[in-house]
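Every heavy atom of this structure was used, including side-chain atoms; hydrogens, water molecules and symmetry mates were not. Residue numbers run from 1 in the order of the sequence given. Counting starts at 1 for both ligands and their atoms, following the listed order.
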Amino acid sequence: MSNTNHDSTGVEQHHKSQRKHVTLFSNRFTFILAAAASAIGLGNLWRFPSLAAKYGGGAFLLVYLLLVVTFGFTLMVAEIAIGRRTGKSAIDAFRSFGQRYAAIGVLTALVPVIITPYYCVIGGWISKYLFTYLSGGGAATADGGGFFSGFIATSGEPLGWTALFVVLVMLVVGLGVEKGIEKLNGVVMPMLLLFTIGISIYALTIPGALDGLAYYIIPHLSDISIATVVAAMGQMFFSLSLAMGIMITYGSYTSRDTDIEKSVRQIEIADTALAFICGLMIIPAVFAFSGVEGARQAGPGLLFITLPQVFAQTGFATVLGAVFFFAVFFAALTSAISLAETVVSFAMDRFGLSRRKAALAVFVVILLLAIPPTLGFSDWGAATLTIGAAQMSILDVMDFISNSVLMPLVALLVCLFVGWWRGPDVVIDEVKATKSARFASEGLFKVMIRWVAPLFLLIILISSILNGLGVVSI
Ligand code: PFF
């Protein structure tokens, strides 16, 4: 029996159950859980609160929500449908439509190569905090930033924690035991949700926090600038795990029984709800401790500075901190695993390597690439770059290049590919291939993928690049 057939548009479709090493998700629920486990991570806990605090609170929140239900929805549907239709991961998925599209897949594969190393640097910081709380020294972290900046300003220790985190991630990926870790997710994710809700409620009782709540949820339209939109767009891609190939890969593991539209809505709700709660946990508190100026100057350290202060007020900081950072550690680990998994699967596909060899090669590359963003806060601290009005550390620069430049570029190419080069039916037919699926938002999808998304993404890209070149300052 041949395991290849051609669908109505002439695209080769592999009979997925016969793909080597690939098992399909058994049902919609396991698919949503895996996608949510990839989506929910440091993007929600570490990146979202500091960006929201910095870019006007409510203004950022509003822009972010609008982007999730329009751009995020459109792109996630497109990526999952492309994956399911071709039964392949990004590079081969695009190539299967014709050699001239292969470059889109290659560019997509480049994004996680940049993100994984610095993601592991933050993973290392989390590990350090977990260890500090577990060994009873958590109180020291609640000094308003001194502990954190002192820690990242040394070079040996952060490097060691980063290396440890990379080793853990690559061990799981190399041994191919993600499934076990994902089972753990079923326990850790609800725990994380419970904790973030509990801590948020407590944080709101800190004197002055209610003003912070108002700052976080009431949008002031005058706070919305191009910079807000660029930041929110990058955050949306990062948080929903878009423009990186992972949703294409996961789409290729799903069967046609899975309703893509419904699944996407549920993944978005889970990811966005958690991001919102993480904001509640941190922004009103940072506001109470250091006012609106403190919030606007927020940097990536917020999770490591504000939360320990909240914990310290409770009287059982050690236990709270230990359990909380344990949950964050696993959320970060599962996301890092799915990031690294994309890089490893590309290496396997491209160079025909075995899983172990690919994992070893990727391990070395990620470890080396993680050195500059770590040392950027200590020995190489002088190597800050001025982008537009902002002074950026090496970690910030990697974050900016991947989230504000490469991801919008990949997303733009996906829109052009689906909207114009192949036609939206390449996705719409796939969504409707599920018997019960209606594709209620088909109209929105078409307008977004052909017109609105490409236009906006082009504007974002141009302004990001001009900003990067110092031509304008956003
Ligand atoms: N979405 C993850 C987060 O918010 O932390 C980061 C991420 C994981 C992005 C895996 C992409 C990916 F493939």
Less than 4.0 Å is my threshold; does some heavy atom of [X] fall inside it relative to ligand 1?
X      : result
Leu339 : yes
Ser239 : yes
Trp46  : no

Indicate yes or no: at least one non-hydrogen side-chain atom of Val362 is less than 4.5 angstrom from one of Lys357.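 Result no, sub-4.5 Å side-chain heavy-atom pair not found.
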
Below 4.5 Å, heavy atoms only, C-beta onward: do Asn44 and Thr272 meet side chain to side chain?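 Of all side-chain heavy-atom pairs linking Thr272 with Asn44, none is under 4.5 Å.
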
Counting heavy atoms only, which of Phe238, Phe48, Phe237, Tyr119 is nearest atom 5 (O) of ligand 1?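 Heavy atom nearest to atom 5 (O) of ligand 1 belongs to Tyr119.
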
Output yes when a side-chain donor or acceptor of Thr228 lies under 3.5 Å from a complementary backbone atom of Asp223, and no otherwise.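 Yes, because the side chain of Thr228 sits within donor-acceptor range (under 3.5 Å) of the backbone of Asp223.
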
Tell me whether Thr258 contacts the main-chain N or O of Ile260 through its side chain, where contact means a donor paired with an acceptor under 3.5 Å.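 Pair absent, no side-chain N/O of Thr258 close to backbone of Ile260.
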
I need the nearest protein heavy-atom contact for [atom]: residue, atom name and distance, please.
atom                    : value
atom 13 (F) of ligand 1 : Ile246 CG2, 3.2 Å
atom 10 (C) of ligand 1 : Ser338 OG, 3.1 Å
atom 8 (C) of ligand 1  : Ser38 O, 3.4 Å
atom 7 (C) of ligand 1  : Ser241 OG, 3.6 Å
atom 11 (C) of ligand 1 : Met244 CE, 3.1 Å

For residues Ala243 and Val111, report the shortest heavy-atom separation together with the two atoms involved.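 Smallest interatomic distance, heavy atoms only, reads O-CG2, 3.7 Å.
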
Mind checking whether Leu42 has an N or O less than 3.5 Å away from an N or O of ligand 1?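 In this structure, Leu42 places an N or O atom under 3.5 Å from an N or O of ligand 1.
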
Using a 3.5 Å cut-off on N or O atoms only, is Leu240 in polar contact with ligand 1?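 Between Leu240 and ligand 1 (N or O atoms, distance only) the closest approach is not under 3.5 Å.
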
How about Phe304 and Trp46: are their ring centroids closer than 6.0 Å?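 When the ring centroids of Phe304 and Trp46 are compared, they turn out to be at least 6.0 Å apart.
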
Please find out if less than 6.0 Å separates the ring center of Phe48 from that of Tyr64.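 Between Tyr64 and Phe48, which both carry aromatic rings, the centre distance is below 6.0 Å.
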
For ligand 1, note which part of Ala39 has a heavy atom under 4.0 Å away: side chain, backbone, both or neither.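 Near ligand 1, Ala39 shows its backbone, while the atoms from C-beta on stay back.
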
Residues that Phe417 engages under ring pair (Phe, Tyr, Trp, His ring centres under 6.0 Å), provided they are two or more places apart: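 Once residues adjacent in sequence are excluded, the partners of Phe417 under the ring pair (Phe, Tyr, Trp, His ring centres under 6.0 Å) criterion are Phe94, Phe97, Tyr101.
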
